[in-house]
Amino acid sequence: DVQLQASGGGLVQTGGSLRLSCAISGFTSDDYAIGWFRQAPGKEREGIVCISATDGTTYYTDSVKGRFTATSDNAKNTWYLQMNSLKPEDTAVYYCAADHIELCTYRTFSLYEFDYFGQGTQVTVSS
């Protein structure tokens, strides 16, 4: 079974940084991608970052591009989302997800439903 567990959320001031972690297990090969999603109060969940385990390609939505960076450890057991220059509008519950998607492009979130989600972690950015 594929399992994901996100952690690392918290309360931070505007302009601060947080690093989210996503521990993953259950994939037997690198033919998958990690998606980072967030859901703000009263809003739908949105995909914001995709990183491919196959070739490392990434996609960032405009709202986080240049501020957030997705990486992994060498063994690809843990995936990270480094979030810098945080803004109050980044306040949301953040989720990591995975699915058998080899490439990450601007179309990934509109074409694919990620099948595996971890539990969310709350990020709150105070003004």
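Contact detail for Ala98 and Ile34: the closest heavy-atom pair is CB-CD1, 3.9 Å. Closest non-hydrogen pair, Arg67 versus Leu86, comes out as NH1-CA, 3.9 Å. Taking both residues in full, the closest heavy atoms of Ile48 and Phe68 are given as CD1-CE2, 4.0 Å, listed atom of the first, atom of the second, then distance. Asp55 and Glu102 make their closest contact through OD1-O, 4.0 Å (heavy atoms, listed as atom of the first residue, atom of the second, distance). For Ala6 against Cys96, the heavy-atom pair with the smallest separation is CB-SG, 3.9 Å. Of all heavy-atom pairs spanning Thr108 and Leu103, the tightest one is OG1-O, 3.5 Å.
Under the 6.0 Å cut-off for aromatic ring centres, Tyr32 and Tyr116 do not qualify, their centroids lying 6.0 Å or more apart.
Ring-plane geometry between Phe114 and Phe37 is classed as perpendicular, the angle between the planes exceeding 60 degrees on a 0 to 90 degree scale with a lower cut at 30.
With rounding to the nearest 0.5 angstrom, the CG atom of Asp1 is 11.0 Å from the CZ atom of Phe27. Residue Leu4 holds its CG atom at 7.5 Å from OG of Ser25, rounded to the nearest 0.5 Å. Between atom OG of residue Ser21 and atom CH2 of residue Trp79 there is a gap of 13.0 Å, rounded to the nearest 0.5 Å. Put simply, CG on Leu18 and CG on Leu11 are 8.5 Å apart, with the number rounded to the nearest 0.5 Å. For the atom pair Phe117 CZ and Cys22 SG, the distance stands at 10.5 Å (nearest 0.5 Å). Rounding to the nearest 0.5 Å places OG of Ser29 at 10.0 Å from NZ of Lys76.
Heavy-atom neighbours of Gln3 CD from other residues, nucleotides or ligands within 6.0 Å: at or below the threshold of 12.
In this structure, Cys104 and Thr58 have side chains that are not in contact, with every pair of non-hydrogen atoms separated by 4.5 Å or more. Proximity of Val49 to Tyr60: side-chain heavy atoms (C-beta onward) are separated by under 4.5 Å at one or more points.
Using modelled atom types, one finds no donor on one side chain facing an acceptor on the other under 3.5 Å when comparing Thr54 with Asp31. Side-chain atoms of Gln122 and Thr124 form a donor-acceptor pair, as typed in the model, at a separation below 3.5 Å.
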- Check the pair Thr121 / Tyr94 against side chain to side chain contact (heavy atoms under 4.5 Å, CB included), numbers first and verdict last. CA-CA 5 Å; Thr121 184; Tyr94 283 71; 4.2 Å; yes

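Following chains of ILVMFWY side-chain contacts shorter than 4.5 Å, one can reach Leu20 starting from Ile51, so the two form part of one hydrophobic cluster.
By the 4.0 Å N-to-carboxylate-O rule, Asp62 lies close enough to Lys65 to be salt-bridged with it.
Of the candidates Val123, Thr69, Val12, Met83 forms a side chain to side chain contact (heavy atoms under 4.5 Å, CB included) with just one, namely Val123.
Looking at Ser52, its side chain never comes within 3.5 Å of a backbone N or O of Ala33 through a donor-acceptor pair.
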